[in-house]
J.: 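Below you'll find the structure I mean.
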Amino acid sequence: MALYVINRLLAVMVVLLVISMLVFGVTQIMPGDVASTIAGQFASPEVVDAIREKLGLNDPFYVQYWRWISSVVTGDFGQSLIMERPVSALISEAFMASASLAIVSFISVTLFGILLGVWAAVRRDKLADNLVSTFTYVGISIPEFFWGIVLIMFFANYLQILPSGGVASISASPGVWLSHIILPVITLTLTLIAHVSRLTRSSMLEALDSQYVRNARAKGLPERTVIFRHALPNALMPTITVLALDVGWLIGGIVVVEVVFSYPGIGRLLMFAIERHDLPLIQASILVIALIYCLANLVADLLYAVVNPKIRYGNGE
Amino acid sequence: MTLLSIKNLTVSYGSPPYQLKALNAVNIDIAPGETVALVGESGSGKSTIAMAIMDLIPRKAVSGEIFFKGRELTSLPSEERRKLRGRNISIVFQDPFTSLNPSIRIGKQIAEGLTTHLGMSNAQAMKRAAEALKEVGIADPETVANAYPHQLSGGMRQRVLIASALVCNPELLILDEPTTALDVTIEAQVLDLVQEIAARRHVGVLFITHNLGVVNKIADRVCVLYAGQLVEEGTKERVLRDPLHPYTRGLLGSIPKLGHRESRLTPIEGRFPDLTDTPTGCIFEERCPFREAACSEPQQLRSLENRRIKCWKAEPAQVETWPVTERHTSTSDVRSSDEKALVELQKITKRFTSSTGKLTLKTKLGFLPLPAVEKKSVGVLNEISLSIGRGEVLGLVGESGSGKSTLGRIMLKLIDASDGRVVFDGKEISDASDGELKEFRKRAQIVFQNPTSSLNPRRTIGDAISRAFKLANPQADRKTVRKSAEELIDRVGLPIRYFDRYPHQLSGGEKQRVGIARALASNPDLIVCDEPVSALDVSVQATVLNLFKDLRSDMNLSYLFISHDLAVISHISDRIAVLYMGTIVEEGPAAAVLDAPHHPYTEALLSAAAVPDEAETDKKRIVVKGDNIRRVTHGCVFQGRCRRQIGSICETTKPPIRETDQGLRIACHLSVDDLLMGQKQLAENS
């Protein structure tokens with residue numbers, strides 16, 4: 001087990017290192033120049049050159065990379081070119097806003113995805129199963145920004161019961177906070193709930209058909225016990241892996257949803273940074289997003305070990 | 001009062017005209033304390049009976065009555081049936097490897113029944129579960145109760161399943177092929193256990209099996225099932241020693257028997273009937289060699305000399321002999337041994353390195369402690385030397401994990417040995433060039449165990465064989481290829497029209513024939529047959545074994561015939577090698593291996609391969625203790641399980657090879673005379 005954890009941790013480190021190189025490399029070859037962005041449109045070439053010299057932009061790229069990465073490790077992402085504030089402060093504000101959105105979404109995906117999947121599997125080929133199947137087809141085949149627009153039109157413009165955008169503090173007024181977050185969460189999770197429930201349904205069906213479930217039934221256990229104690233834990237293994245992969249989807253979705261609902265999170269920050277060529281901000285947001293993704297997968301791998309004793313105890317005697 | 005009484009049980013799926021009748025009006029009674037064996041091949045419906053009793057198949061498929069202690073079950077609500085399951089009627093399923101939940105601890109899986117049915121607290125139930133584990137002969141019940149299934153061996157898991165079935169003291173125990181997935185030495189232990197517990201607790205047992213040898217060991221009465229119908233029922237002695245129904249006779253005739261090596265097996269010809277369109281007359285008519293016009297009338301189960309039989313014709317006085325089919329090969333079976341060996345294995349050793357291991361710190365560059373993974377190396381084969389002559393059949397018998405398949409693959413250079421040499425026709429193949437290897441592949445072929453998974457489902461039979469032929473004869477034109485493929489199909493006894501069929505249209509036995517035809521396509525000298533009949537039903541197995549025998553004498557083929565079944569091996573082989581844990585413990589001419597003296601392990605194998613039509617009381621069953629998963633590094637591989645272990649020498653020193661006058665070689669510390677004496681004593685004591 002220790003070996004397994006160390007293995008996973010090492011893998012995450014390597015992935016992050018590679019991503020940091022990629023991020024740095026991409027921002028190097030992006031059109032636009034940091035010095036001219038800082039100096040403004042009408043600056044003379046001499047001024048731009050001076051800024052270049054000052055920022056060390058004439059150094060070889062690996063020197064620049066080293067300078068960047070060694071300060072990133074200490075939590076210093078540099079200064080935003082446009083906002084003229086430290087990047088880390090901007091990121092952490094946006095991160096907190098996005099995190100609450102992501103966490104609520106992820107919990108909904110996990111909960112509703114699994115529940116719907118189990119429900120459909122247990123009622124195989126009955127009305128419930130068909131309803132869930134129809135929902136999942138619709139959910140998977142239509143992109144999320146479309147749902148976002150439909151929801152805004154219906155709840156914010158037509159019914160006028162929910163705000164169409166913005167954010168509120170959860171500590172000040174939980175009700176208002178919820179009313180702001182509910183539409184983005186629905187938009188964000190519809191596709192993923194469909195995805196997770198389809199997968200859970202099929203792995204649950206497989207578990208319900210297994211010999212050990214037949215054996216559990218033969219022991220005379222009540223059907224509830226058979227489903228939730230015997231079938232579900234085994235059926236969840238592929239679901240956990242996919243949930244971790246879905247975090248990537250979720251993050252991609254957050255960028256879109258935050259823009260649609262003008263939600264001040266990391267996705268909107270990234271869009272803003274790209275539009276304005278704010279290189280330090282771009283680098284930092286992408287790196288943070290990658291970090292979140294890697295950590296989600298790490299958590300999934302560890303969870304996997306918890307539900308699967310074969311990983312926890314190895315295959316020995 | 002009978003414990004269980006099944007009346008007119010019929011199970012049918014779907015609706016007419018595509019209704020599949022899995023069971024057709026079956027009647028069975030079981031008295032308390034009685035063991036009734038239910039025998040049949042795959043598709044006979046024997047497991048369906050168990051599932052119907054347990055209420056584990058859709059209710060609407062079941063008609064007829066099931067009385068348990070006088071209470072009719074089929075009309076009870078599901079919830080009432082559930083309360084009987086595991087409490088009054090328990091079942092042990094076939095496959096111990098998949099029947100336990102992989103993510104729940106063993107103790108909990110046993111305790112569940114107690115908390116559900118007897119209302120015990122968790123602590124009480126866990127305590128009782130540990131006791132139940134002890135009762136089924138598990139030495140360390142607390143540790144096992146805390147373990148997960150994957151940490152236990154197959155034999156242990158089957159014991160756990162038996163413990164879990166018995167924990168609520170049921171009155172009826174159903175065992176559905178409980179030993180089929182187990183090795184023979186473990187099978188003997190499990191059968192002993194079941195018999196002992198059933199007798200002590202006076203439990204009624206319904207024992208479902210396809211293995212008539214097992215029936216002979218365990219049953220009081222036998223019910224023979226064919227295509228969903230009960231065809232013969234009576235005491236074990238009557239049915240096995242003096243079968244009357246042609247199907248029972250055919251089944252017994254198709255089983256290879258130890259010590260009857262020359263006789264040709266008498267398979268049941270024809271195919272299993274289509275259960276969606278069963279005939280109104282005798283269900284076996286189509287395949288019965290004694291059929292007459294009157295067989296097409298509906299058959300009644302009639303009583304005859306304390307047994308019931310579904311055949312109007314069968315009379316004990318006038319039993320016709322079963323016709324011997326096809327040719328009879330008796331001559332040219334004996335090979336001259338002075339001929340040069342076709343293939344020779346010299347001190348073959350194989351080790352596998354595990355992909356994971358213990359994490360340790362290792363000093364690198366003299367001072368730097370770095371984490372390193374200490375990988376485990378497992379010895380699979382230890383210095384195996386064997387040879388096969390031209391036209392000779394070498395039988396290789398061993399349990400799962402003994403390394404027999406690995407050895408077969410090394411012989412074909414499908415995998416490489418860690419050490420040692422393979423010499424084929426005087427040339428060493430381990431360092432052969434690509435061209436030489438290509439030539440070698442033509443001359444050495446393989447037939448696999450599972451005929452279904454070894455054929456491409458998207459390719460016709462003709463295509464599969466043609467490709468094999470084309471590979472060996474790249475110059476051949478289309479016409480020649482087609483003609484040769486047809487010849488090969490004919491050669492393995494299939495009709496030419498099968499050329500354009502797909503594998504799923506063929507039965508298991510027919511698919512295996514295709515596998516054999518494909519191996520023959522390059523006109524090989526050697527075929528490695530890796531458990532080629534173990535996935536087949538006995539009646540089909542007999543036809544395939546006959547085919548192997550015929551081909552060998554027609555084409556002067558050599559086989560390495562790998563099997564776990566000593567009876568099959570003894571039927572087809574000239575010489576036999578017994579493999580245990582990667583070591584040859586006994587090797588020699590077939591007759592000599594079957595005769596005393598034996599290596600103590602061979603002795604146990606022989607005892608387990610009991611012949612179904614011999615009285616079991618004549619022989620004392622040898623039960624080998626222990627499990628076959630422990631690897632030993634020093635001394636004799638059979639130490640710890642051997643009933644004739646003489647002391648510490650068995651644990652420290654590798655046993656010498658003892659040779660007898662018959663050319664038998666036994667690896668044992670006991671001398672030939674000592675071995676012989678012990679075996680004589682055993683025979684006298686019983």
Side-chain angles (χ1 to χ4, degrees), chain A residues 1-11 13 122-126 203-204 206-240 301 303-317, chain B residues 50-51 54-56 78-79 81-105 108-110 112-117 147-153 161 164-165 167-168 170 174 176 354-360 371 373 376 627 629-631:
Chain A
M1 180 70 185
L3 187 67
Y4 178 76
V5 174
I6 290 171
N7 249 331
R8 288 284 158 273
L9 277 174
L10 281 177
M13 306 274 213
V122 171
R123 312 254 159 193
R124 181 184 196 164
D125 295 334
K126 301 210 173 103
S203 55
M204 191 67 188
E206 197 181 309
L208 285 172
D209 267 346
S210 71
Q211 306 277 332
Y212 58 81
V213 162
R214 184 175 71 167
N215 200 44
R217 288 206 175 109
K219 279 194 277 191
L221 303 180
E223 194 60 18
R224 201 167 7 94
T225 314
V226 172
I227 291 168
F228 290 104
R229 293 274 182 76
H230 282 263
L232 187 58
N234 293 297
L236 281 186
M237 288 179 205
T239 306
I240 290 170
D301 282 343
L303 249 174
Y304 206 75
V306 172
V307 287
N308 190 349
K310 273 187 200 167
I311 294 181
R312 220 178 330 155
Y313 293 92
N315 279 311
E317 277 102 73
Chain B
M51 300 301 268
M54 298 301 286
D55 190 28
L56 290 175
S78 299
E79 188 57 15
R81 296 285 297 267
R82 174 181 76 73
K83 284 178 183 157
L84 289 172
R85 287 207 291 271
R87 171 71 191 89
N88 304 88
I89 308 174
S90 280
I91 186 164
V92 175
F93 288 110
Q94 170 169 5
D95 189 352
F97 296 93
T98 56
S99 292
L100 286 166
N101 193 317
S103 57
I104 301 180
R105 287 179 201 273
K108 175 85 187 138
Q109 294 198 44
I110 298 174
E112 274 175 329
L114 295 164
T115 48
T116 307
H117 294 299
Y148 284 96
H150 77 274
Q151 294 168 305
L152 306 180
S153 69
L161 284 166
S164 142
V167 76
C168 292
I174 303 172
D176 189 355
S354 65
S355 58
T356 58
K358 241 172 55 194
L359 189 72
T360 51
V373 180
K376 272 189 288 186
D627 224 324
I629 50 165
R630 197 171 58 104
R631 301 246 161 217

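What's counted below: heavy atoms across the whole structure, side chains too, no hydrogens, waters or symmetry copies. Bear in mind the structure is a predicted one, so any value in this text is a computation, not a measurement. Note on naming: letters A, B, ... go to the chains in the order of the sequence lines (proteins, then strands), and numbering restarts at 1 for each one.
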J.: Give the minimum heavy-atom separation between B/Arg82 and A/Leu221, together with the two atoms involved.
T.: CD-O, 3.5 Å
J.: Work out which heavy atom in B/Ile91 is nearest to a heavy atom in A/Asn215; give both atom names and the distance.
T.: O-OD1, 4.4 Å
J.: Do you know which of B/Arg87, B/Gln94, B/Met51 has the most heavy-atom pairs with chain A at a distance under 4.5 angstrom?
T.: B/Met51
J.: Distance from B/Glu79 atom CD to B/Leu84 atom CG, nearest 0.5 Å?
T.: 11.0 Å
J.: Is a side-chain N or O of B/Arg85 found less than 3.5 angstrom from the main chain of A/Lys219, in a donor-acceptor match?
T.: no
J.: For A/Glu206, does the CD atom sit with more than 12 other heavy atoms under 6.0 Å from it, leaving out its own atoms?
T.: no
J.: Which heavy atom in B/Tyr148 sits nearest to a heavy atom in B/Pro102, and how many Å separate them?
T.: CD2-O, 3.8 Å
J.: Sort by residue number and list every residue of residues 231-238 of chain A having at least one heavy atom under 4.5 Å from chain B.
T.: A/Pro233, A/Asn234
J.: Less than 4.5 Å to any heavy atom of chain A: does that hold for the side chain of B/Thr98, its backbone, both, or neither?
T.: both
J.: Checking B/Pro96 now: which residues fulfil side chain to side chain contact (heavy atoms under 4.5 Å, CB included) with it, not counting sequence neighbours?
T.: B/Arg157, B/Gln158, B/Leu161, B/Ala181, B/Leu182
J.: Restricting to non-hydrogen atoms, name the atom on B/Gly86 and the atom on B/Cys168 that form the minimum distance, rounded to 0.1 Å.
T.: O-CB, 3.3 Å
J.: Please determine, among B/Thr115, B/Thr116, B/Asn101, the option with the most heavy-atom pairs under 4.5 Å with chain A.
T.: B/Asn101
J.: At a 4.5 Å cut-off on heavy atoms, which part of B/Gln109 comes close to chain A: side chain, backbone, both, or neither?
T.: both
